[in-house]
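Counting starts at 1 for both ligands and their atoms, following the listed order.
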Amino acid sequence: MIELLDVCYVRLGTKDIQTSTDFATRILGLEVSESSRNSRHLRSDERGHTLYYHDGDPNDHVVGFEISSNDDLDSAAATLEAIGNEVYRGTRDECDSRHVRDFISFREPSGLKIELVVRPEVLGKRHFPSRDAGISGFSHVGIFSQDCQRDEQFWTQVCNARVSDRIGDVPLLRVNEIHHTLALVPSQRGGLQHINHQVDSTDDVMRSYHLLKEHNVPIVFGPGRHPTSGARFLYFQGPDGMTFEYSVGVSEVDEETYRERQFGFEPFSLCMWGAKSNLDGLEN
Ligand SMILES: O=C(O)c1cccc(O)c1O
Ligand SMILES: [Fe+2]
């Protein structure tokens, strides 16, 4: 079994690196930690980077997960190859550009590229974002799934993820004590559905709601509250059509006593305040 410790970064291609950087710093509230002609590393917490933009195809998405050691990386590679996945080992240069000791990559069943990473860099220097959005860190991703039941099996049976809740057949999956690190959202396509950052307070969610509207950033869903994790949330659209979420108050799970719950596939399962969802794959 592959043991995922946490999600550690997202890598996104973009047709316009400057527009994407401006959005990430001036609107979303991240900090540029490294910059080259065709790429930006962006910080949201103590980690060296949690989002990476590079010149390229906006449909090129990668999600990185941390695992604990090189031994675990070798056994993960063997596990994935044994079930028919092609596994790629990162070169020294590729590891250096990610600020990780080692990584492998493969494609999950719906086609999204996943990197399993050992020893991602943490910085002693305090995170100092360019806009005070109240971000406390990168927390979870939604990924599109062409077959939620098949993909849930992959994540739970190969990668040791656990189901915290299901909304219809949409599983919210945890890899540690946080309610979910991964959500599988039905779609014909693969790739990333949304990128979540936690903020400090409901005030931060509401302050951003007004700021985003002032800047004509499309609001996709919210403000609202998820009955599943308990988080107050706001979803909005960033560059290249990517959806970003701010949320606060996501619950933690006691592994010994928690039992997964089944929510109906209906609007109040997504928002207990009654907001209507325009989320791709979760419209109501
Ligand atoms: O936080 C949640 O519970 C949640 C539920 C549905 C979809 C999401 O993106 C979520 O973050
Ligand atoms: Fe989310």
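Closest protein heavy atom to atom 6 (C) of ligand 1: H226 CE1, 3.7 Å. What sits closest to atom 3 (O) of ligand 1 on the protein, heavy atoms only, is T228 OG1, 2.4 Å. For atom 1 (O) of ligand 1, the closest non-hydrogen atom of the protein is S229 OG, 2.6 Å.
Applying the 4.0 Å criterion to heavy atoms of H194 picks out, from ligand 1, the atoms 9 (O).
Ionic pairing of R166 and E152 is present here: one or more N-O contacts between side-chain nitrogen and carboxylate oxygen are shorter than 4.0 angstrom. We find that E46 and R126 are not joined by a salt bridge, their nearest charged nitrogen and carboxylate oxygen being 4.0 Å or further apart. Using a cut-off of 4.0 Å between Lys/Arg side-chain N and Asp/Glu carboxylate O, R189 and D280 are scored as salt-bridged.
Under the 30°/60° scheme for interplanar angles, the aromatic rings of F221 and Y235 are found to lie parallel. Aromatic ring pairs are classed by plane angle as parallel below 30°, tilted from 30° to 60° and perpendicular above 60°; the pair F23 and F236 is tilted.
Remark: R40 is not positioned above the aromatic ring of Y53, lacking an NZ or CZ atom under 6.0 angstrom from the ring centre and at most 45 degrees off the axis.
E245 contributes OE1 as its N, O or S atom closest to the Fe ion (ligand 2). The Fe ion (ligand 2) sits nearest to atom NE2 when only the N, O or S atoms of H140 are considered.
The two residues P239 and S20 make their nearest non-hydrogen contact at CB-OG, 3.6 Å.
Ligand 1 has no N or O atom lying under 3.5 Å from any N or O atom of H179, backbone or side chain.
Counting heavy atoms closer than 4.0 Å to ligand 1, residue Y235 contributes side-chain atoms (C-beta onward) but none from N, CA, C or O. At a heavy-atom cutoff of 4.0 Å, ligand 1 is contacted by no atom of V250, backbone or side chain.
Among the atoms of H194, an N, O or S atom falls under 2.8 Å from the Fe ion (ligand 2).
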